[in-house]
J.: 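My structure is below; once you've seen it, I'll send some questions.
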Amino acid sequence: MPYVLLHALLLLLPVSIVYTIINYMNLKVYQEIDTVKVTKGELHNYRATIENAFIFPVYKLGIFLYEDRCIMESLTGDLVYSLNSKEKIELKSEIKCKYAGAYDIGIEKISLEDPFGIYKVILDVPYKFRAVVSPQITDMASKAIEIENIFNNRGLSSDNLVQEIPGSDIRPYVPGDSFHSINWKVSAKVGDIMVRVPDNMERQTVTMLLLADEKEEDKYTITALKRRDYFLEFIVSAAWYFASEDMPVKFIYPAGRISQFTVDSKKSFSEFYSIVADGIFYNSPGVYKDLKDTLQNQGKGVYGEDTWIVVTENPKENEEFCRIY
């Protein structure tokens with residue numbers, strides 16, 4: 001009898017392995033969220049469709065969720081499903097992403113059990129779903145950056161960022177002129193409303209250099225996700241802060257290669273915000289070195305003598321996260 005059981009097991013095991021391989025190859029997992037733009041901390045509708053595309057049934061299919069980076073309101077990883085031939089099931093839940101950035105969410109792995117109950121294997125989900133999560137805008141940057149000190153520093157006057165200020169020339173008022181430009185003393189003397197002709201004054205600019213972490217191998221760990229979340233939240237909060245203060249800020253950051261973007265209004269802030277979550281990365285180690293060389297050359301060449309704010313995603317020991325020069 002023991003030999004009969006042994007031979008039966010030896011015969012069933014290869015069949016079970018082949019059965020599992022066939023099941024896994026024909027298992028389709030599709031995941032989606034109801035919106036293209038996902039914001040950290042907001043609830044979105046999530047849907048996963050699991051389909052058995054072959055004639056063999058799937059026994060005791062389990063799912064494992066990315067519980068460390070997203071919260072599923074009505075879906076847990078302790079349920080087991082079975083699918084008949086050509087059958088599919090649909091799982092729905094509300095999902096909340098914990099961190100800003102680009103990373104996989106939803107179902108991480110699946111488990112398959114063979115039809116004879118000999119073993120259970122845990123495998124990567126055939127099709128992963130990556131979300132691009134936008135950061136929140138908070139007041140964290142305004143607490144770290146003293147705008148008064150930056151205004152008092154001598155910055156580079158921009159050639160193309162100008163604003164109108166009241167000048168010394170006087171002319172009669174015409175409809176459309178700002179009431180703030182009326183010179184009341186001169187108007188009282190001549191008996192007519194006179195306004196000051198505005199002059200163009202170049203505004204100060206601030207340069208923010210974003211030193212993203214150059215380590216690519218561990219960027220999807222929880223530690224790295226939390227670090228990138230804090231980094232992105234600080235960046236967009238600073239950009240919003242300067243845009244609200246009507247003070248232009250030039251960002252120098254890695255977008256594959258070294259790129260620049262100037263935020264000088266709420267409209268340009270919206271454009272910058274839309275590319276930040278998934279738009280900061282290196283396409284080669286040399287870009288990180290070039291970015292650090294740019295920092296060394298501050299005050300020279302095209303960078304002039306701007307006020308510089310350097311934000312380092314992964315500061316080393318005794319190095320500050322945000323430095324102002």
J.: Would you call D229 and K40 a salt bridge, using N to O less than 4.0 angstrom?
T.: yes

J.: A side-chain contact here means heavy atoms from C-beta on lying under 4.5 Å apart; do Y241 and M140 qualify?
T.: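 Y241 does not reach M140 side chain to side chain.
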
J.: For K128, does its backbone N or O pair with a side-chain atom of D104 as donor and acceptor, under 3.5 Å?
T.: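 Judged by distance alone, no pair lies under 3.5 Å.
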
J.: Kindly give the heavy-atom pair with the smallest separation between V195 and P172, and that separation in Å.
T.: CG2-O, 4.1 Å

J.: Is there a donor-acceptor contact under 3.5 Å from the side chain of S85 to the main chain of P57?
T.: no

J.: Start with the C-alpha gap between T207 and V249, add the side-chain angles, then the distance that decides, and say whether side-chain contact (heavy atoms from CB on, under 4.5 Å) holds.
T.: CA-CA 6 Å; T207 295; V249 55; over 6 Å; no

J.: Taking atom types as modelled, is there a side-chain donor on T262 or D264 under 3.5 Å from an acceptor on the other?
T.: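 No - no donor-acceptor pair under 3.5 Å links their side chains.
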
J.: Any link between L61 and Y66 through a network of hydrophobic side chains (Ile, Leu, Val, Met, Phe, Trp, Tyr) touching at under 4.5 Å?
T.: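 No, L61 does not connect to Y66 through the hydrophobic network.
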
J.: In terms of hydrophobic clustering (I, L, V, M, F, W, Y; side-chain heavy atoms under 4.5 Å; direct or indirect links), are I22 and L27 co-clustered?
T.: no

J.: Is I21 close to N23 at the side-chain level, that is, under 4.5 Å between some pair of heavy atoms?
T.: no

J.: Rounded at 0.5 Å granularity, tell me how far CD1 in I95 sits from SG in C70.
T.: 4.0 Å

J.: Picking from K316, R227, R228, what satisfies salt bridge (charged side-chain N to carboxylate O under 4.0 Å, His left out) with D213?
T.: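 Single salt bridge (charged side-chain N to carboxylate O under 4.0 Å, His left out) partner of D213 among K316, R227, R228: R227.
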
J.: Testing Y24, F54, F56 one by one against Y19 for a ring pair (Phe, Tyr, Trp, His ring centres under 6.0 Å), which residue passes?
T.: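 Of all the options given, the one that passes is F56.
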
J.: Tell me whether K86 contacts the main-chain N or O of A53 through its side chain, where contact means a donor paired with an acceptor under 3.5 Å.
T.: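 Confirmed, K86 side chain pairs with A53 backbone.
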
J.: Under a 4.0 Å N-O cut-off, is there an ion pair linking K120 with E113?
T.: no

J.: Should the pair K289-E214 be classified as a salt bridge under the 4.0 Å nitrogen-to-oxygen rule?
T.: no

J.: Within a reach of under 6.0 Å around CZ of R257, are more than 12 heavy atoms found that belong to other residues, nucleotides or ligands?
T.: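 Open.
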
J.: Under a 4.5 Å side-chain heavy-atom rule over Ile, Leu, Val, Met, Phe, Trp and Tyr, are L79 and Y46 clustered together?
T.: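 Looking at the clustering, Y46 is in the same group as L79.
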
J.: Do Q31 and Y127 pair up side chain to side chain, a donor and an acceptor below 3.5 Å, judged on atom types alone?
T.: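 No, Y127 and Q31 have no side-chain donor paired with an acceptor closer than 3.5 Å.
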
J.: Same cluster or not: are L83 and I55 linked, directly or through other Ile, Leu, Val, Met, Phe, Trp or Tyr residues, by side-chain heavy atoms under 4.5 angstrom apart?
T.: no

J.: Backbone N or O of E42 within a donor-acceptor pair of the T39 side chain at under 3.5 Å?
T.: no

J.: Can you give me the closest heavy-atom contact between K60 and V80, atom names plus distance?
T.: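 For K60 versus V80, the nearest heavy atoms are CA-CG1, 3.3 Å.
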
J.: Would you say the rings of Y230 and F321 are close, in the sense that their centroids are separated by under 6.0 Å?
T.: yes

J.: Where is the tightest heavy-atom contact between G41 and Q136, given as atom of each residue plus distance?
T.: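 For G41 versus Q136, the nearest heavy atoms are CA-NE2, 4.5 Å.
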
J.: Is the closest side-chain donor-acceptor distance between E94 and S74 under 3.5 Å?
T.: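 Note: E94 and S74 side chains miss the donor-acceptor criterion.
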
J.: Testing the 3.5 Å rule here: is there a donor-acceptor pair between the side chains of Y288 and K215?
T.: no

J.: Could you measure the distance from the CG atom of L211 to the CD1 atom of I252? Nearest 0.5 Å is fine.
T.: 10.5 Å

J.: Keeping the roles fixed (side chain from D114, backbone from Y119), state whether a donor-acceptor pair exists under 3.5 Å.
T.: yes

J.: For the atom pair CD1 (I170) and CG (N183), what is the distance rounded to the nearest 0.5 Å?
T.: 4.5 Å

J.: Before you tell me yes or no, could you show the steps for T138 and E233 under side chain to side chain donor-acceptor pair (under 3.5 Å), namely the whole-Å CA-CA distance, both residues' side-chain angles and the distance that decides it to 0.1 Å?
T.: CA-CA 7 Å; T138 64; E233 185 173 322; 3.1 Å; yes

J.: For atom NZ of K226, decide whether the heavy atoms of other residues, nucleotides or ligands shown that lie under 6.0 angstrom number more than 12.
T.: no

J.: Distance alone, cut at 3.5 Å: any donor-acceptor contact between the side chains of R130 and Y220?
T.: yes

J.: Between the main-chain N or O of I258 and the side-chain N or O of Y282, is there a donor-acceptor pair closer than 3.5 Å?
T.: no

J.: Do R47 and S93 pair up side chain to side chain, a donor and an acceptor below 3.5 Å, judged on atom types alone?
T.: no

J.: Hey, could you give me the CD1/CD1 distance between I63 and I122, rounded to the nearest 0.5 Å?
T.: 13.0 Å

J.: Check for a donor-acceptor pair, side chain of E271 on one end and backbone N or O of S268 on the other, with a separation under 3.5 Å.
T.: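 Answer holds: no.
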
J.: How many angstroms lie between atom OG of S111 and atom CG of L123, to the nearest 0.5 angstrom?
T.: 8.5 Å

J.: Are F261 and F251 close enough that their ring centres sit under 6.0 Å apart?
T.: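 No, ring centres 6.0 Å or more apart.
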
J.: If you group Ile, Leu, Val, Met, Phe, Trp and Tyr by side-chain heavy-atom gaps below 4.5 Å, do F129 and L91 land in one group?
T.: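 Yes; tracing contacts between hydrophobic side chains, which count when under 4.5 Å, links both residues.
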
J.: Please determine whether a side-chain nitrogen of the Lys or Arg among E90 and K92 lies less than 4.0 Å from a carboxylate oxygen of the Asp or Glu.
T.: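 Yes, this pair counts.
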
J.: Are the side chain of K28 and the backbone of P126 linked by a donor-acceptor contact shorter than 3.5 Å?
T.: no

